[in-house]
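As a basis for the values below, the full set of heavy atoms in this structure was taken, side chains included, without hydrogen atoms, waters or symmetry mates.
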Amino acid sequence: MEQRTLRDLTVSAIGLGCMGMSEFYGHGDDAESVKVIHRAIGLGCTFLDTADMYGPFTNERLVGRAVEGRRDEVVIATKFGNERREDGSWVGVDGSPEYVRAACDASLQRLAVDHIDLYYQHRVDTQVPIEDTVGAMAELVAAGKVRHLGLSEAAADTIRRADAVHPITALQTEYSLFTRDVEAQILPTVRELGIGFVAYSPLGRGLLTGAIRSHADLPEGDTRADRFPRFGEEHFDHNLALVDSVRVLAERKGCTPGQVAIAWTLAQGLDIVPIPGTKRLRYLEENVAAAEVTLDTDDLAWIDANVGRARGDRYANMGTVNR
């Protein structure tokens, strides 16, 4: 697979989001998930994204098991800051230096690795100066526990302040062909600073695949209809209509709507790396094959003219994003 550079870190052009293997999108199968990760590595999709809160804690252990004996073949990104207990309950956002250090040590243990390639602050703690949080993260780099630093869902000013303390390698934020608010301030800021951009949910949390036509298509235990207003009844039909527009182009290109969505994200710049998530082999292979889909200028113009923005907030609680 093509490689891309996030500032000073080389990764596969398409990564693998591992969250759904452990939580939120229905029940997972660890054995199947390990097969998915192994197949991803075999296809050159070697940029693996996890976080301590996924599970909670179980997703990092899963990734650690899957890469045992293959550590040098992958780039592992994980995150801290969304604090949860073992029972799954939420504590809050914590960016204190003490928590940064403790969370990193715990992630290293669960992943069973001696360093984390890319360590993100998952959400910005507005009660702790970003300089203090990133200062503690920089100490982890100096100690050899972390190679590169990242932020997730941070505002433009926060990104600038953080980068002044230690170079930020990547910003991870939701970005898809119908979620484009980052284009106003966030994307120009990271490009000015030379920071790479990791696009999570490039498939609109599955909507852009075209496989979800009603809530009945969501698997048992799936929480998308509760957690994401775009799946709510008042917005669902409008957002499905956007997917139908994407399907028109997909049929013309001889691919799937999801592949168009990933190809669109790739086409937004060589500094952007999408990380579609899946826990199924066939969807992994479909996602990776999107790297072979080429959208020319006419295709991109058609998308701009015919595919609008999704309705509904990205989260039921938008209070922790873009901080």
Side-chain angles (χ1 to χ4, degrees), residues 17-31 33-34 37 48-67 76-113 115-116 118-130 132-137 139-140 145-146 149-154 172-174 200-201 205 218-229 231 275 277 279 313-323:
C18 299
M19 179 191 75
M21 297 175 178
S22 300
E23 195 175 16
F24 302 123
Y25 291 3
H27 304 301
D29 180 324
D30 283 1
S33 294
V34 168
I37 293 172
L48 308 179
D49 184 89
T50 182
D52 58 4
M53 68 155 279
Y54 300 158
F57 313 124
T58 56
N59 196 245
E60 287 183 324
R61 296 187 184 106
L62 171 65
V63 171
R65 290 196 303 273
V67 303
I76 297 176
T78 192
K79 315 175 197 72
F80 74 91
N82 277 325
E83 187 179 2
R84 297 178 72 186
R85 301 183 183 92
E86 287 281 354
D87 63 5
S89 60
W90 296 78
V91 179
V93 176
D94 194 339
S96 65
E98 297 78 16
Y99 185 75
V100 172
R101 291 187 282 267
C104 179
D105 287 343
S107 288
L108 287 168
Q109 183 177 31
R110 286 188 291 266
L111 289 163
V113 298
H115 71 275
I116 296 164
L118 178 56
Y119 199 42
Y120 293 103
Q121 181 182 19
H122 206 164
R123 292 292 185 269
V124 174
D125 184 350
T126 57
Q127 304 304 308
V128 178
I130 192 65
D132 293 353
T133 302
V134 176
M137 294 168 72
E139 292 174 4
L140 300 175
K145 296 180 179 181
V146 169
L149 303 185
L151 301 175
S152 180
E153 291 285 1
Q172 182 180 134
T173 293
E174 185 172 354
Y200 77 81
S201 295
R205 303 191 181 278
L218 297 174
E220 182 181 354
D222 194 298
T223 62
R224 276 174 281 191
D226 299 321
R227 299 181 67 236
F228 308 115
F231 284 80
I275 52 168
K279 54 189 174 185
D313 287 336
R314 296 192 286 119
Y315 291 95
N317 176 12
M318 291 289 289
T320 63
V321 301
N322 197 27
R323 304 291 289 272

message: So Val321 and Glu174, do their side chains get closer than 4.5 Å, heavy atoms only?
response: no

Arg224 charged N/C atom sitting above Tyr25 aromatic ring, 6.0 Å / 45°: yes

message: One pair to check against side chain to side chain contact (heavy atoms under 4.5 Å, CB included): Ser96 and Asp125. What are the steps and the verdict?
response: CA-CA 8 Å; Ser96 65; Asp125 184 350; 5.6 Å; no

Residues forming a ring pair (Phe, Tyr, Trp, His ring centres under 6.0 Å) with Phe228, sequence neighbours excluded: Tyr315

field: Nearest-0.5 Å distance that lies between atom CZ in Arg61 and atom CG in Asp30
entry: 11.0 Å

task: List for me each residue that meets side-chain contact (heavy atoms from CB on, under 4.5 Å) alongside Ser33, sequence neighbours excluded, and say none if there are none.
output: Met21, Leu62, Lys279

task: Side-chain contact test, heavy atoms from C-beta onward, threshold under 4.5 Å: evaluate it for Arg123 versus Ser152 and give yes or no.
output: yes

query: What are the two closest heavy atoms between Gly150 and Leu118, and how far apart are they?
result: N-CD1, 3.9 Å

message: Using side-chain heavy atoms (C-beta onward) and a distance below 4.5 Å, is Tyr54 in contact with Arg84?
response: no

message: Going by the rule ring pair (Phe, Tyr, Trp, His ring centres under 6.0 Å), which residues pair with Phe80 if we only count those two or more places apart in sequence or in a different chain?
response: Tyr119

- line: Looking only at heavy atoms, the pair that brings Pro219 and Gly26 closest together is CG-CA, 4.2 Å

field: Taking every non-hydrogen atom, the tightest pair across Gly95 and Val100
entry: O-CG2, 4.0 Å

statement: Which of Val91, Asp52, Thr320, Val93 passes side chain to side chain contact (heavy atoms under 4.5 Å, CB included) with Asn82? Answer is Val93

message: Determine whether Glu60 and Ser107 satisfy the following criterion, side chain to side chain donor-acceptor pair (under 3.5 Å), listing intermediate values before the conclusion.
response: CA-CA 7 Å; Glu60 287 183 324; Ser107 288; 2.8 Å; yes

message: Between Asp105 and Lys145, does any side-chain N to carboxylate O distance fall below 4.0 Å?
response: yes

message: Counting C-beta onward and ignoring hydrogens, is there a side-chain heavy-atom pair between Tyr200 and Met19 closer than 4.5 Å?
response: no

- request: Mind listing the closest non-hydrogen atom pair of Cys18 and Asn59 along with its distance?
  value: O-ND2, 2.8 Å

message: Using the rule side chain to side chain contact (heavy atoms under 4.5 Å, CB included), only one of Lys79, His122, Glu153 pairs with Gln172; which is it?
response: Lys79

- request: Kindly give the heavy-atom pair with the smallest separation between Pro229 and Ala316, and that separation in Å.
  value: CD-N, 3.5 Å

task: Walk me through it: do Thr78 and Arg110 pass the test side chain to side chain contact (heavy atoms under 4.5 Å, CB included)?
output: CA-CA 11 Å; Thr78 192; Arg110 286 188 291 266; over 6 Å; no

task: Can you run down the salt bridge (Lys or Arg N to Asp or Glu O under 4.0 Å) pairs that involve residues 88-102, sequence neighbours left out, and say none if there aren't any?
output: Arg101-Glu139

- line: Residues at least two apart in sequence or cross-chain that pass salt bridge (charged side-chain N to carboxylate O under 4.0 Å, His left out) with Asp132, listed by chain then number, are none

field: pair Val134-Leu149: side-chain heavy atoms closer than 4.5 Å
entry: yes

- prompt: Among all residues two or more places apart in sequence or in another chain, which pass the side-chain contact (heavy atoms from CB on, under 4.5 Å) test with Thr223?
  reply: Phe24, Arg227

